[in-house]
Amino acid sequence: GVSRQAAQKQLNLLLDAGLVGQSANPANRRSPFYSMSAKGGSLYREIVQEWEALAGGLASGLSSRDLVAARKILEQLTARIVTQDGRRDR
């Protein structure tokens with residue numbers, strides 16, 4: 001997991017970069033709400049578009065059968081890692 005302090009450090013970096021905004025939490029003054037800013041949303045959409053283009057290129061030329069087989073193998077490998085390690089976050 002991620003500690004509260006580590007998460008706060010990342011939020012502060014996002015705030016400094018103008019990628020998220022902060023607003024008051026009426027239920028808890030010491031725990032503000034965070035939301036993606038227009039700049040953050042724009043950057044997020046750009047990253048998603050680039051990822052979709054990359055992922056589409058990686059899969060081009062592979063049949064549906066190939067993709068299903070690859071997915072099955074990756075799921076089995078993931079299950080083995082989880083079983084050996086006892087957790088999924090590695």
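Counting from 1, the numbers follow the sequence of the chain as shown. A quick note: this is a predicted structure, and the numbers were derived from the prediction, not measured.
Summarising the geometry, atom CG belonging to L13 is positioned 10.0 Å from atom CD belonging to Q8; distances are rounded to the nearest 0.5 Å.
Checked against side-chain hydrogen bond (donor to acceptor under 3.5 Å, both in side chains), Q10 has no partners two or more places apart in sequence or in another chain. The side chain to side chain contact (heavy atoms under 4.5 Å, CB included) check on N28 picks up N25, R30, S31, with sequence neighbours excluded.
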Under 3.5 Å, which donor-acceptor pairs link side chains of residues 39-59 to any protein atom two or more places apart or in another chain?
residue : atom : partner : partner atom : Å
K39     : NZ   : A17     : O            : 2.9
R45     : NH1  : G41     : O            : 3.2

Name each donor-acceptor pair under 3.5 Å that joins a side chain in residues 62-74 to protein atoms two or more places apart or in another chain, with its distance.
residue : atom : partner : partner atom : Å
S63     : OG   : R65     : N            : 3.4
S63     : OG   : D66     : N            : 3.0
S63     : OG   : D66     : OD2          : 3.3
D66     : OD2  : S63     : N            : 3.4
R71     : NE   : E75     : OE2          : 3.0

In sequence, state the C-alpha distance, the side-chain angles, and the governing distance for Q22 and L15, and then conclude on side chain to side chain contact (heavy atoms under 4.5 Å, CB included). CA-CA 8 Å; Q22 183 177 347; L15 273 168; 3.3 Å; yes
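At least one donor-acceptor pair closer than 3.5 Å links the side chain of S37 to the backbone N or O of G18.
Hydrophobic clustering, defined by side-chain heavy atoms of Ile, Leu, Val, Met, Phe, Trp and Tyr closer than 4.5 Å, leaves F33 isolated from every other such residue.
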